Amino acid sequence: MTFDPLVIRKDFPIFDRKIRDGKRLVYLDSGATSQKPQVVIEAESDFYRNHNAAAHRGAHQLAEEATEAIEAARSKVATFLGGAVDEIVFTKHSTEALNLLAYSIGNSPVGNRFHLKPGDEIVISEMEHHANLIPWQQLAKRTGAVLKWFEVNKDGRLDLSNIEGVITARTKIVALTHQSNVLGTIIPLSGLVERAHDVGAVFILDACQSVPHMPVNVADLDIDFLVFSGHKAVGPTGVGVLWGRANLLAELPPFLFGGSMIESVTMTEATWAPAPRKFEPGVPNMAQIVGLGVALDYLTNIGMEKIHNHEIALTDYAISKLLEVEELRIIGPTDMKLRGGAVSFTLGAIHPHDLGQFLDNSGIAVRTGHHCAWPLTRKMGVAATTRASFYLYNAPEDIDALVEAVRDAQKYFA
Amino acid sequence: MTFDPLVIRKDFPIFDRKIRDGKRLVYLDSGATSQKPQVVIEAESDFYRNHNAAAHRGAHQLAEEATEAIEAARSKVATFLGGAVDEIVFTKHSTEALNLLAYSIGNSPVGNRFHLKPGDEIVISEMEHHANLIPWQQLAKRTGAVLKWFEVNKDGRLDLSNIEGVITARTKIVALTHQSNVLGTIIPLSGLVERAHDVGAVFILDACQSVPHMPVNVADLDIDFLVFSGHKAVGPTGVGVLWGRANLLAELPPFLFGGSMIESVTMTEATWAPAPRKFEPGVPNMAQIVGLGVALDYLTNIGMEKIHNHEIALTDYAISKLLEVEELRIIGPTDMKLRGGAVSFTLGAIHPHDLGQFLDNSGIAVRTGHHCAWPLTRKMGVAATTRASFYLYNAPEDIDALVEAVRDAQKYFA
Amino acid sequence: MQLDNLYQEVILDHYKHPQNKKLSATFDAQVHHVNPSCGDEIDLNLTIADGVVTNISWDGVGCSISQASVSILTELLVGKTVTEAYFIFDHFVALMQSKGTVAGDENVLEDAIALAGVSKYPARIKCALLGWMAFKDASVQAQAKSKLE
Amino acid sequence: MQLDNLYQEVILDHYKHPQNKKLSATFDAQVHHVNPSCGDEIDLNLTIADGVVTNISWDGVGCSISQASVSILTELLVGKTVTEAYFIFDHFVALMQSKGTVAGDENVLEDAIALAGVSKYPARIKCALLGWMAFKDASVQAQAKSKLE
Ligand SMILES: Cc1ncc(COP(=O)(O)O)c(C=O)c1O
Ligand SMILES: Cc1ncc(COP(=O)(O)O)c(C=O)c1O
């Protein structure tokens with residue numbers, strides 16, 4: 001099957017609508033959230049119409065079917081990531097998954113391998129989304145651990161010149177984003193993971209911007225934990241994934257407490273079910289989990305490798321076209337070997353808000369601002385940027401529309 | 001408009017399906033999760049098909065529409081509960097909402113009114129669902145606070161004979177369930193709330209089993225926080241609500257950290273946006289929030305008072321019919337003035353699992369077990385019960401089917 | 001009735017007349033297992049002599065499936081070598097997890113074949129396995145103990 | 001073009017030639033406000049003498065809407081009594097939050113009426129209000145200070 005974004009687009013009902021009085025929707029904001037194919041929308045509806053009941057509770061047929069449905073989705077996620085089924089924990093989004101890790105680590109008693117004491121170190125980078133920055137910053141404050149980070153250099157890559165000085169014998173946690181949601185930079189993982197393991201730290205990967213866009217296999221990467229959000233991977237809103245190595249999930253204390261995560265409960269004591277149940281109290285976001293399973297099937301059927309190649313080609317085209325625009329500056333690497341399909345830029349003195357508004361008026365949806373990575377935009381010396389991010393339903397015509405509108409904006413605000 | 005469950009049922013597509021090879025679905029498990037009307041299912045789909053984008057981010061039309069959609073839902077929830085719009089925090093379920101409170105309280109520094117020190121007291125009851133028990137039990141362990149509780153007496157009511165001894169000057173938090181999910185007991189709130197406020201404690205209401213079934217107004221009840229789950233109120237899975245008084249939400253530290261909940265961020269420090277944003281990091285469960293808004297509209301159009309009266313009548317009928325069955329024992333009050341529509345019972349020596357399986361075979365969905373309230377079932381002297389729970393789409397014919405099948409089960413297992 | 005596939009005569013018999021349901025005074029290992037989703041509990045005592053299961057006794061509360069399953073287990077495994085018992089155990093677990101796709105070998109499982117229908121009711125598999133998991137746990141403990149002696 | 005409703009000539013003029021964009025050396029109150037969703041920032045100095053706004057100066061980074069809005073504000077409010085300034089403030093905020101349902105009174109708002117189109121773009125309302133909120137904050141501080149003196 002050849003890869004044709006215009007054919008793929010037909011699977012996504014939202015492209016049938018018009019923007020700002022009749023304009024074609026040019027959706028270049030998939031880095032924030034992706035659009036949903038009809039099969040995913042239908043999967044959620046079908047769950048409600050035919051199988052809705054509280055999974056893992058009740059011995060009736062609907063409850064059995066609901067259980068079967070979410071457990072089947074769990075095994076799809078496991079296969080997609082190359083992990084084991086009991087290593088998949090469903091959350092509401094990657095933000096929750098990262099907070100789960102930070103709080104569970106914070107709950108670890110003395111003697112537990114995750115226990116943090118004053119002076120222990122947590123390593124992140126200046127490139128992190130707030131979701132992979134603030135939870136660690138606050139955990140450090142609560143425990144007395146020290147937050148350290150890799151800096152970002154002028155061309156938007158991690159400064160790894162002093163990797164031994166950043167990840168040290170005191171490091172317990174290394175938590176990094178696979179691909180920057182602002183710069184598009186993909187970090188060189190293998191050396192970092194190796195160094196983390198050499199010093200006995202666990203390696204946590206924020207794969208929000210990579211899992212939806214390229215083949216990611218947790219075993220190949222040799223990481224310890226990974227998070228991503230369903231809504232960025234053509235899945236429903238309200239569902240995210242934490243993957244963790246079985247032996248680590250076994251040792252990690254629980255985060256949220258409630259029904260169905262227990263082994264036994266008295267008024268004063270509780271013991272926990274094995275993972276993943278231990279981390280999933282309450283009636284699950286069942287319809288969303290089912291939808292996510294179908295979303296990953298959809299991506300798999302098209303092929304993650306093909307999707308990735310498509311995005312690389314598109315990004316390459318976008319960067320070359322954008323760079324032809326006077327005063328346009330790409331914030332982040334321009335070498336396709338170092339990056340994925342999120343392209344941030346500035347346009348002379350035109351404020352991104354104004355540019356974004358102008359683009360919107362032409363039917364083009366981009367994101368503007370600091371993209372929830374404020375320390376990074378500050379470091380890059382810009383107050384805000386305009387970001388175009390691509391996915392499987394984007395075509396070169398979308399890039400052409402973007403570049404043309406950027407030029408028009410220049411005239412408008414001149 | 002007269003209230004007719006058989007007409008209402010037509011709004012819920014799941015009742016078109018058959019159970020166990022052709023039997024009518026008699027759904028008596030709404031206490032675990034409710035079924036969804038077509039309008040709610042359609043609202044989620046419509047969001048994805050027409051308005052999907054990351055709310056509160058991006059200046060494009062879809063993002064505006066998505067923002068507008070979830071904020072409109074927020075104001076519907078506020079109106080439904082009698083609170084203010086900024087007092088509504090969306091979570092994934094009530095379990096998360098209760099954990100949010102417990103963790104945020106645990107994050108409160110010295111000087112904050114929520115700060116807990118060793119010796120401070122947290123009061124719950126033996127009637128709590130695990131979701132309103134374990135978070136407090138674990139918070140007590142983390143902070144050195146003392147967990148106390150109201151006992152439950154033989155007929156399944158709170159023992160309030162020593163209210164002054166349980167809620168004392170040292171009490172900082174009183175967290176109680178409005179209606180027991182096992183016994184159906186509705187607790188007498190006003191005296192408890194008054195006592196909590198007299199000693200300066202905050203009152204948290206677990207309204208999971210009341211908000212979907214009767215008019216609940218936070219101002220009338222004079223409580224401080226309330227939680228409920230959308231999926232039990234004909235809403236989507238994956239969305240819950242925390243309501244809190246504005247001044248208390250303002251003082252409460254945040255729980256989950258990430259994007260869109262901040263005022264400013266550096267690598268080492270962060271400050272927070274005002275509530276509700278402070279408690280809602282990450283791309284929200286948007287389609288589910290929108291669906292919940294439509295669910296509450298649906299309930300409001302029918303009328304919460306009417307729904308409540310219907311359930312009272314149905315429960316009254318059910319209890320009288322069930323009590324005619326030999327060896328059947330109702331666990332919980334039988335006086336309709338003290339209770340709502342969740343009826344737990346035992347049937348001689350027949351184990352609830354076996355009874356539940358038999359009922360399922362007749363198309364009747366009930367729940368069996370300890371219903372995530374293990375200390376309570378232990379206290380009531382039973383290992384497990386069978387629970388039938390009612391909602392607006394249940395009719396007397398469902399009760400008749402239940403009672404007939406219970407009698408058949410007695411013969412089968414005799 | 002469809003339900004009869006689940007509640008076979010043998011099961012209801014064992015449920016009404018459970019075998020070896022009285023904890024022995026002596027044992028090599030004693031375990032307590034719980035099914036957290038329903039609160040069912042079992043205590044099981046096990047004695048192993050020279051690699052042969054010589055005694056299994058139990059007590060507990062639970063549904064007909066869990067009670068019958070452990071009752072059948074005691075009759076089936078006493079007298080078998082630990083190796084034979086593990087072979088039967090594996091066979092039984094595989095049958096339970098088969099979602100009704102395998103029939104099970106009556107020569108291996110004897111009366112326990114009556115539990116085959118359980119595999120079509122996912123929520124009940126844990127009930128059927130409760131006693132078996134307790135046995136497995138106890139056997140590991142008993143063997144560890146005998147190695148120490 | 002539809003966008004012209006938002007980007008009126010007056011706005012683009014003020015954006016390109018912002019008024020009073022140089023922080024004064026003296027002031028009764030100085031505030032720093034931020035729009036957390038985009039990172040735009042403003043510093044604003046305010047002087048109030050005998051109940052009259054005598055000086056407003058500012059500096060900052062932001063989009064055309066936020067820059068024009070504060071520029072217009074400085075021309076509009078200087079010379080007004082605090083009471084008049086608050087009246088205009090309330091009128092402006094109400095216009096911004098109106099979702100395009102009210103027209104705004106040009107006699108009250110003068111050049112600021114040009115921002116009326118913003119109210120139809122919910123994501124931009126905060127931009128238009130950034131400087132106004134800074135002014136309000138500063139005025140409260142300046143008055144509190146003058147009471148103390
Ligand atoms: C009284 C009560 N509290 C809390 C919960 C937990 O609700 P959820 O699983 O939706 O978080 C339930 C429902 O199971 C309940 O009945
Ligand atoms: C790199 C990265 N990490 C984390 C997040 C947070 O994702 P979510 O809002 O779905 O939790 C995002 C998306 O906004 C992201 O791009």
Side-chain angles (χ1 to χ4, degrees), chain A residues 13-14 17 19-20 29 32-33 35-36 41 44-45 48-50 52-54 57-62 92-93 95-96 99 129-131 134-135 137-138 149 231 236-238 256-260 262 265-268 270 281-283 285-288 353 356-357 360 365 367-368 372 374-375, chain B residues 13-14 17 19-20 29 32-33 35-36 41 44-45 48-50 52-54 57-62 92-93 95-96 99 129-131 134-135 137-138 149 231 236-238 256-260 262 265-268 270 281-283 285-288 353 356-357 360 365 367-368 372 374-375:
Chain A
I14 204 164
R17 72 160 282 178
I19 295 297
R20 296 286 177 220
D29 198 17
T33 197
Q35 297 304 338
K36 325 296 177 202
I41 301 172
E44 264 196 83
S45 299
Y48 293 131
R49 280 198 308 262
N50 292 306
N52 179 65
R57 293 160 185 79
H60 53 85
Q61 187 180 352
L62 291 178
K92 67 175 177 178
H93 47 29
T95 300
E96 188 195 3
N99 278 275
H129 187 280
H130 293 164
I134 315 180
Q137 175 190 94
Q138 299 297 315
W149 55 85
H231 70 88
T237 59
L256 300 178
F257 304 99
S260 301
I262 55 99
V265 181
T266 66
M267 291 305 288
T268 52
V283 172
N285 37 358
M286 299 178 290
Q288 294 72 48
H353 253 196
Q357 195 81 56
D360 169 51
R367 186 163 170 196
T368 64
C372 299
W374 210 343
Chain B
I14 205 165
R17 70 160 284 179
I19 296 296
R20 296 286 176 219
D29 198 16
T33 197
Q35 295 305 336
K36 325 297 177 201
I41 302 172
E44 264 197 83
S45 298
Y48 293 130
R49 279 197 310 260
N50 292 306
N52 178 66
R57 293 161 186 79
H60 53 84
Q61 186 179 352
L62 291 179
K92 66 176 177 177
H93 46 28
T95 299
E96 188 196 2
N99 278 276
H129 188 280
H130 292 163
I134 313 179
Q137 175 191 91
Q138 298 297 316
W149 56 85
H231 69 88
T237 59
L256 299 179
F257 304 99
S260 301
I262 54 99
V265 181
T266 65
M267 291 305 287
T268 53
V283 172
N285 37 357
M286 299 179 291
Q288 294 72 48
H353 252 196
Q357 194 81 56
D360 169 52
R367 185 160 170 200
T368 64
C372 298
W374 209 343

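Letters go in sequence order (proteins before strands), and every chain restarts at 1. Here the structure is a predicted model, which is why all the values come from computation and not from measurement.
Across all non-hydrogen atoms, the minimal contact from B/Gln138 to A/Ala270 is NE2-CB, 4.4 Å. Among all heavy-atom pairs drawn from B/Phe257 and A/Thr95, the shortest one is O-CG2, 3.4 Å. Residues B/Ile14 and A/Asn52 come closest through the heavy atom pair CD1-N, 3.6 Å. Annotation for B/Cys372 and A/Ser260: closest pair SG-N, 4.0 Å, computed over non-hydrogen atoms. Summarising the geometry of B/Pro236 relative to A/Tyr48, their closest heavy-atom pair is CB-OH, 3.3 Å, with the distance given to 0.1 Å.
The most heavy-atom pairs under 4.5 Å with chain B, out of A/Asp29, A/Thr268, A/Thr368, come from A/Thr268. When the candidates A/Glu96, A/Glu44, A/Met267 are compared by the number of heavy-atom contacts under 4.5 Å with chain B, A/Met267 comes out ahead.
Although no hydrogens or angles enter the test, the distance criterion places a donor-acceptor pair under 3.5 Å between the side chain of A/Gln137 and the main chain of B/Thr266. Counting only distance, with no hydrogens or angles, the side chain of B/His93 and the backbone of A/Pro281 share a donor-acceptor pair below 3.5 Å.
The line from CZ of A/Arg49 to CD1 of B/Ile41 is 6.5 Å long, rounded to the nearest 0.5 Å. If you take NE2 on A/His130 and CD1 on B/Ile262, they are separated by 5.0 Å, rounding to the nearest 0.5 Å. Atom NZ of B/Lys92 is separated from atom CG of A/Leu256 by 5.5 Å, given to the nearest 0.5 angstrom.
Only the side chain of A/Arg17 comes within contact range of chain B, with at least one heavy atom under 4.5 Å from a heavy atom of that chain. Contact annotation for A/Gln61: both backbone and side-chain heavy atoms come within less than 4.5 Å of a heavy atom of chain B. Residue A/Gln35 touches chain B through both its backbone and its side chain, counting heavy-atom pairs closer than 4.5 Å.
Residues B/Gln288 and A/Thr237 bring a donor and an acceptor atom of their side chains to less than 3.5 Å of each other.
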